[in-house]
Amino acid sequence: MRRYLLPVLLLLYTFAPAQVFAQAWPEHTGKRPKIGLVLSGGGAKGMAHIGFLKVLEEAGIRPDIITGTSMGSLVGALYALGYSASEIEQIALSQDWEMLLSNQVPLNQIAMEEKEYYGRYLLELPVNGTTISFPSGLIEGQALNNLLIRLTRGAHSIQDFRKLPIPFACVATDLTTGQKVVLQQGFLPEALRASMAIPTVFTPIKLDGRMLVDGGLVQNFPVQEALDMGADFIIGVNVGGGLEPEQNLKSMLDVLVQATFFTSASNLESEKKKTDFLVDILPFLEGYNTGSFADTEKIIKTGELVAREYEDSLRSLASYFSAFPQPMHKPAISNLQDSVKIGRLLISGTNSTPRRILRRRLRLNENETTSIRTIENRIEILYGTGHFTKVSYAMVPTDSSHHLQVNVEEAAEGALKTAIYYDSENRAGATVNYTRRNLFWPGSRFVAEVDLGQNIRNDINYLKYMGYRNQIAVKIGSQYYKNDLSLFNDNGSKVAILQQNMNVGTLGWQTTINNTWTLGQQLEYKLARLYPQVAGQINLDSLTVDINWLEQLKIRNWAFTTFFKLNTLDRQVYPTKGWQTELQGSYIFGNRFTVRAQEDHRELENIMGKDNIDPYFKVSLRANGLVPLRPKLSLMLRQGLVMYTSNDLPIGAETMIGGYTSVLPNMVEFRAAEPFSYSADNLFYSGLGLQAELRKKLYLQVNSAFINTSILHGYRSLRGKSSRVGYSATLGYLTPFGPITAGIARETRSDWRGFISLGFRLPW
């Protein structure tokens, strides 16, 4: 049959008008030819397949077999599951592809105790014992894996892809042998992930003892695979030329990826010749590359427009195939339940962490009905602990319930992380972080981090999950801060600089039942030493003191703090939605403030030193939020307050105000003024602004800020004023090496001040 159909179709397709296309076919005797649909790989250009499917559907053609590679495998698999072309289009347009194809997941899926260390490093290297290694790929793909599992959940029990609503196969490459691997069996999300695993970009997928990567390396247009599955008539859609033109080879990674596709590029033409109806969309995708996911809507539209040129021919084909006694295949989508009854909970892949701890952490009960969203949330919480590089699940139906199979891949024992930065306020520096999991006890985490630069900070802490379901964590830690505090007079002139060396020790607990909020308490001991660096006179109440007369100021106290923290931001840098809120109430006691003066001014030690400062309370609230107004426009809101029950505060214990970034725990950002320009006790502040994404990864922020000491009856003023108002504009661009930010700001009736920063540097 195929030998007869092929020359006839090629002849008619070349010379005959579309409207007589079907009439020229042979008589409809025997069985209807099986229609095979082949979708090539092409990265973001593969979105054009969706546009073609819309036209194919409208024409009335329903394939019997589908094969695909890379992005073609994803689109093809969804169509094979029974999703309509319009449904696939809606799925594609609703995704954050930048997040899906990165090594990140949304920040709101990360455990609260891990958020401050997530997404702010340039390089992360796994460490096992004393051996530092390099990852097998830049991207593990947890977010993409979550999406694939969710979309295919109706077919988790189908191990043979030929038994899907439309028989399906995709192509991967064995990284060890370089051979083509046709995937027709197994767990469908893993097969799709393997077919899309571009070497050095995505980590390989281990399946049946093989290391699998992108099938585009050896077979980017799997026509032969559709023929091997029994297809008699091939409709092929190509969006990949195999090799990118010279103008698209802009980086070392581009060159490396290009080199890996030499083999598939060489066999592309031979595969095209095996098709009976070829639609080559690639020539119409000039200007797009494999990473143009921001242009998904335009690429889909391009695919549809090209397919419209073939619409009459497709309708003629549909008429021909419909005339056979056997109707064309029309699949129904697999059952996508929103809730399932969990029969058994099975966990595999864990060695260091006992399964009982994972079961308790998941908090999913057997023989209970649970929503899919709840299951996904629990999976996200487990991944968000940082103990695993991947967490996946499968729902296997039984007679009366579903077995929930959870598979984990444990992270390395430790990780070495680093980042570099520069900003005009704090100069250049580097961050080095070592994180160790399961040190001494399972379910523990040790962190040692240091910031090296003009302002030095280190953070050492040990956290251990406790409780039957790991619902709380006990944490012990130590922090050190070294930075210069500038002192200003009422005219705004800098009169002195003190170097502060502050040590803080903490012991506390916090809840871990949710990945967006936590509640806890901690006991804190603080020791701060201040050393004069630049001479000048300062006013302390009614006393005028020359900084030269002092050698050291020392502050010591204890604090018992109850806190609530909320963080629903979608990412660390330039988030587009969510809130970050922190409410603290502290009882501060054991206060001592001592002074060491030069020999000629020993009397200052008694005058300034205070060993009997009464205990007092401090309450602070910080709330920063972004409310989406439009897809690329967000409203920025900022509110906060600080209140003390005492106005007898030593230097360094009050709230510091100023700067683009907060470099101390008791500091409030105020971009319109230099760091430490103001200090206050009772303080209220508010901010309002807009954030717009001008183009991909380029953000503009405009802000207004208001700070006030009189509303809460503060004892200290803002250099003679009770209120200050500032304005700022910031332009930021997200790069693989960290954000680049430039901004200007000013107070009312003052000069503009500028700011620039490069790299990963977040407020402390």
Side-chain angles (χ1 to χ4, degrees), residues 35-58 61-97 100-101 141 143-158 160-172 183-184 186-197 215 222 225-226 229 235-237 239 281 293 296-297 299-300 303-304 307 329-338 372 376 392 394-395:
I35 305 169
L37 176 64
V38 180
L39 305 178
S40 77
K45 292 183 286 188
M47 296 298 178
H49 292 314
I50 302 173
F52 174 82
L53 288 178
K54 293 172 68 176
V55 178
L56 187 75
E57 235 176 45
E58 292 173 12
I61 295 178
R62 300 291 186 272
D64 301 285
I65 294 167
I66 299 176
T67 61
T69 298
S70 197
M71 187 57 70
S73 71
L74 174 56
V75 176
L78 294 181
Y79 205 63
L81 286 169
Y83 287 93
S84 69
S86 295
E87 288 171 330
I88 299 174
E89 179 182 32
Q90 187 57 41
I91 290 170
L93 294 177
S94 63
Q95 302 307 315
D96 182 350
W97 288 99
L100 288 173
L101 301 175
L144 177 61
N145 193 56
N146 290 345
L147 176 67
L148 296 177
I149 291 173
R150 183 187 315 127
L151 295 176
T152 63
R153 63 184 184 273
H156 285 185
S157 62
I158 300 177
D160 187 344
F161 303 160
R162 292 168 294 187
K163 295 181 180 179
L164 292 175
I166 299 177
F168 171 76
C170 60
V171 178
L183 298 173
Q184 293 180 303
F187 187 46
L188 183 58
E190 288 187 339
L192 298 178
R193 171 67 174 78
S195 184
M196 299 172 66
E225 287 63 38
M229 291 177 68
I235 299 175
V237 185
V239 297
I281 304 178
F293 288 96
T296 292
E297 186 173 4
I299 294 173
I300 293 175
E304 182 178 349
H329 190 63
K330 188 173 183 179
I333 191 168
S334 302
N335 184 20
L336 297 177
Q337 295 173 276
D338 293 325
I372 299 301
E376 289 182 347
S392 61
M395 297 182 301

Considering all heavy atoms of both residues, which atom of V239 and which atom of A48 are nearest to each other, and what is their separation?
-> CG1-CB, 3.9 Å
Ignoring hydrogens and angles, tell me if any N or O in the side chain of Q95 forms a donor-acceptor pair with the backbone of I91 under 3.5 Å.
-> yes
Min side-chain heavy-atom separation V171-L183 under 4.5 Å = no
Any side-chain heavy-atom pair from M47 and W97 closer than 4.5 angstrom?
-> yes
Any chance you could lay out the side-chain contact (heavy atoms from CB on, under 4.5 Å) test for I166 and R62, step after step, and finish with the verdict?
-> CA-CA 9 Å; I166 299 177; R62 300 291 186 272; over 6 Å; no
Distance in Å, I65 CD1 paired with I235 CD1, rounded so as to fall on 0.5 Å steps = 12.0 Å
Interatomic spacing from CZ in R153 to CG in L188 - rounded to 0.5 Å | 13.5 Å
Of all heavy-atom pairs between G41 and S70, which one has the smallest distance, and what is that distance?
-> CA-CB, 4.0 Å
Between CG of L192 and CZ of F161, what distance do you get to the nearest 0.5 Å?
-> 7.0 Å
Is the closest side-chain heavy-atom distance between I149 and E376 below 4.5 Å?
-> no
With distance as the sole test, does Y83 use its side chain to make a donor-acceptor pair with the main-chain N or O of L151 at under 3.5 Å?
-> yes
Distance, nearest 0.5 Å, that separates CD1 of I66 from CD1 of I35 | 11.0 Å
Looking at side-chain heavy atoms only, is the closest gap between L53 and L56 below 4.5 Å?
-> yes
Would a distance-only check, ignoring hydrogens and angles, find a side-chain to backbone donor-acceptor pair under 3.5 Å from E57 to K54?
-> no
Hey, does L81 have a side-chain heavy atom less than 4.5 Å from the side chain of T152?
-> yes
State, yes or no, whether a side-chain contact exists between V75 and I50 at a heavy-atom distance under 4.5 Å.
-> yes
On a heavy-atom basis, the closest approach of I300 and E89 is CG2-OE2, 3.7 Å
Could you label the plane-to-plane angle of the H156 and F187 rings as parallel, tilted or perpendicular, counting under 30° as parallel and over 60° as perpendicular?
-> perpendicular
Would you name the heavy atoms of P189 and L148 that are closest together and state the gap between them?
-> O-CD1, 3.7 Å
Atom pair OG (S195) and CE (M71), whose distance is rounded to the nearest 0.5 Å | 10.0 Å
Check whether any side-chain heavy atom of M229 lies under 4.5 Å from a side-chain heavy atom of Q184, and answer yes or no.
-> yes
Does the side chain of T67 reach to within under 4.5 Å of the side chain of F168, using non-hydrogen atoms?
-> no
To the nearest 0.5 Å, tell me how far R193 CZ sits from C170 SG.
-> 12.5 Å
Test item: H49 side-chain N/O and S40 main-chain N/O as donor-acceptor pair under 3.5 Å = yes
